[in-house]
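Okay, so here's the structure we're looking at.
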Amino acid sequence: MQQLMDNFNRKFEYLRLSITDECNFKCNYCLPDGYQRTQQKQFLSELEIKNLVQAFSELGTKKIRITGGEPSLRKDFTSIISTIAGTPGIEKVATTTNGYQLKKSAQQWFDAGLDAINVSVDSLDAKTFHLITGKNIFQKVMEGVAASVQAGYKQVKINSVLMKGFNDLDLSLYLEWIKNQPIQLRFIELMQTEDNAEFFARHHLSGEKFKQMLLADGWIQKVPLSHDGPAQIFSHEAYQGEIGLIMPYSKDFCKSCNRLRVSSSGRLHLCLFGEQGVDLRDLLASENDKEALKSRILQALESKISGHFLADGLMGGTPHLASIGG
Ligand code: SAM
Ligand code: SF4
């Protein structure tokens, strides 16, 4: 089978697929003014998604994460899950969600073939959660997390963006929560995008400092597994849950890059930051274009560079992560 491999011997078996740019939250670091519908955008149809995933699967992709914007806003979300899960060669289907629909739909998505869920919970304090997301629904999201654990997902992970002045004081609450819960908490270092420079300057918190704090508290860094990608994982004998740290500004972050991205308008992005993407859309409508699609993807990968230049303040034109599927 053909393999997606770049010129730095990085293998890509993981695709993050955005199915919409739209979102119903107003996270202060992402879409503080909410989603702005500037032009009539046609997001990928279910048929286009099917053809895309089939081509990627034939190139060795094994895991797909459905993201956005907020992916669960799509009315055909459950059906998209089934389509992807039913594609030969796809071993794992995951999603990243703000949790708005989770309480109602966790079981339905599981039954459709979803294997793993990441829920964004940026604070464990209801008021701070409201302040960050613009939605006063902390309790509902937490009930959604509990419903996911109940539904039987192999993995329920929580994403939390580290932000000075917002959730830096919540650490003890988070730790208490995962003491007896098999949940992986993933702290993500705030990334600067084109739109959030001022916010970033005020609220960025160093992931490295956070890591040193964990090590001092007896957390032990686990040997990375190939599918961990750039996340560093920590465990502690007194806790059932784990902590993951995602530090995009750390020196070797891009060395373990294992993912490609396709935006909701069908552009292949080789990196979250730094390029405009390669348009695949004209080859997605018909199954007959599959070989041409595979060639275009393979050819695009030839130009994947070794890493991003975030630490130099270069965001490569990415306005916010909702636009590319964070
Ligand atoms: N709406 C869904 C959600 O929030 O989970 C999925 C899309 S969101 C863009 C995916 C992830 O990117 C979320 O965990 C979010 O917290 C994270 N994210 C968004 N903007 C970010 C930024 N500037 N820095 C770090 N993480 C960010
Ligand atoms: Fe929406 Fe997710 Fe961005 Fe929050 S982080 S505004 S939930 S896309």
Side-chain angles (χ1 to χ4, degrees), residues 1-6 11-23 35 37-97 109 112-114 258-272 274-304 317-319 321-326:
M1 189 202 279
Q2 283 168 305
Q3 279 291 341
L4 290 170
M5 175 114 65
D6 71 3
K11 215 162 126 190
F12 299 92
E13 295 183 339
Y14 176 18
L15 175 69
R16 294 175 81 104
L17 172 62
S18 175
I19 58 170
T20 181
D21 291 359
E22 289 191 25
C23 190
Y35 174 72
R37 199 176 276 111
T38 43
Q39 81 239 58
Q40 204 46 33
K41 245 188 163 178
Q42 285 288 337
F43 301 123
L44 292 174
S45 70
E46 202 177 328
L47 176 66
E48 288 174 311
I49 291 173
K50 178 169 182 266
N51 290 334
L52 178 86
V53 170
Q54 220 148 37
F56 267 94
S57 157
E58 290 180 21
L59 291 171
T61 298
K62 296 194 169 78
K63 173 177 170 187
I64 308 259
R65 176 172 299 280
I66 313 170
T67 181
E70 176 47 39
S72 64
L73 290 184
R74 287 249 329 219
K75 296 212 161 43
D76 53 358
F77 184 52
T78 306
S79 181
I80 290 172
I81 294 171
S82 321
T83 298
I84 298 177
T87 306
I90 299 301
E91 294 170 5
K92 188 167 172 186
V93 188
T95 195
T96 303
T97 173
W109 299 340
L114 193 67
N258 63 348
R259 61 210 53 198
L260 296 173
R261 293 180 159 82
V262 172
S263 73
S264 58
S265 52
R267 293 188 87 81
L268 170 65
H269 290 270
L270 305 170
C271 178
L272 249 185
E275 32 79 34
Q276 297 311 305
V278 173
D279 192 11
L280 305 177
R281 193 103 194 229
D282 58 309
L283 299 176
L284 296 179
S286 163
E287 219 181 315
N288 298 335
D289 289 327
K290 193 168 62 183
E291 292 310 316
L293 176 60
K294 282 158 64 180
S295 300
R296 194 177 292 171
I297 297 167
L298 284 166
Q299 197 189 351
L301 202 57
E302 287 287 314
S303 60
K304 182 161 165 74
T318 302
L321 299 198
S323 67
I324 187 177

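Residues: numbered from 1 along the sequence shown. Everything numeric here is computed off the predicted structure, so don't read it as measured data.
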On a heavy-atom basis, which atom in [X] and which in [Y] lie closest, and how many Å separate them?
{"X": "Ser79", "Y": "Glu46", "answer": "OG-OE2, 2.7 Å"}
{"X": "Glu13", "Y": "Gly60", "answer": "CG-O, 3.7 Å"}
{"X": "Ile81", "Y": "Leu114", "answer": "CG2-N, 3.5 Å"}

Side-chain donor-acceptor pairs of residues 285-293 under 3.5 Å, sequence neighbours excluded:
{"residue": "Ser286", "atom": "OG", "partner": "Asn288", "partner atom": "N", "Å": "3.0"}
{"residue": "Lys290", "atom": "NZ", "partner": "Glu58", "partner atom": "OE2", "Å": "2.7"}
{"residue": "Glu291", "atom": "OE2", "partner": "Lys294", "partner atom": "NZ", "Å": "3.3"}

Query - From CA spacing to verdict: side chain to side chain contact (heavy atoms under 4.5 Å, CB included), Phe12, Thr61 - result: CA-CA 7 Å; Phe12 299 92; Thr61 298; over 6 Å; no

Query - Residue pairs passing the ring-ring contact (aromatic ring centres under 6.0 Å, His included) test where at least one lies in residues 53-80, sequence neighbours excluded - result: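 Non-adjacent pairs meeting ring-ring contact (aromatic ring centres under 6.0 Å, His included): Phe77-Trp109.
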
Report task. Scan for salt bridge (charged side-chain N to carboxylate O under 4.0 Å, His left out) pairs involving residues 78-88, sequence neighbours excluded, and state none if there are none. Result ->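 Residue pairs with at least one partner in residues 78-88: there are none.
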
Query raised in the report: Do any pairs count as a salt bridge (charged side-chain N to carboxylate O under 4.0 Å, His left out) and have a residue in residues 69-79, sequence neighbours left out, and if so which ones?
Result: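 Applying salt bridge (charged side-chain N to carboxylate O under 4.0 Å, His left out) to every pair that reaches into residues 69-79, excluding sequence neighbours, yields Arg74-Asp76.
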
Counterpart residues, salt bridge (Lys or Arg N to Asp or Glu O under 4.0 Å), relative to [X] (two or more places apart):
{"X": "Glu22", "value": "Arg37"}
{"X": "Arg267", "value": "none"}
{"X": "Asp282", "value": "Arg296"}

Would you please name every residue forming a side chain to side chain contact (heavy atoms under 4.5 Å, CB included) with [X], sequence neighbours left out?
{"X": "Glu48", "result": "Leu44, Ser45, Arg281, Leu284"}
{"X": "Ser264", "result": "Ser18, Asp21, Phe43"}
{"X": "Thr87", "result": "Val53, Gln54, Ser57, Ile90"}
{"X": "Ala85", "result": "Val93"}

What's the separation between atom [atom1] in [X] and atom [atom2] in [Y], rounded to the nearest 0.5 Å?
{"X": "Leu4", "Y": "Leu59", "atom1": "CG", "atom2": "CG", "value": "4.5 Å"}
{"X": "Asp279", "Y": "Ser265", "atom1": "CG", "atom2": "OG", "value": "7.5 Å"}
{"X": "Leu283", "Y": "Asn51", "atom1": "CG", "atom2": "CG", "value": "10.5 Å"}
{"X": "Leu47", "Y": "Thr83", "atom1": "CG", "atom2": "OG1", "value": "9.5 Å"}
{"X": "Leu15", "Y": "Leu52", "atom1": "CG", "atom2": "CG", "value": "6.5 Å"}
{"X": "Leu270", "Y": "Glu302", "atom1": "CG", "atom2": "CD", "value": "11.0 Å"}

Query raised in the report: Between the side chains of Arg65 and Thr96, is a donor N or O closer than 3.5 angstrom to an acceptor N or O?
Result: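 Yes, Thr96 and Arg65 have a side-chain donor paired with an acceptor closer than 3.5 Å.
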
Report task. Could you check Leu17 against Ile66 for side chain to side chain contact (heavy atoms under 4.5 Å, CB included), going step by step and ending with a plain yes or no? Result -> CA-CA 5 Å; Leu17 172 62; Ile66 313 170; 5.5 Å; no

Query raised in the report: With sequence neighbours excluded, what pairs up with Thr20 under the side chain to side chain donor-acceptor pair (under 3.5 Å) test?
Result: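 For Thr20 there are no side chain to side chain donor-acceptor pair (under 3.5 Å) partners, ignoring immediate neighbours.
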
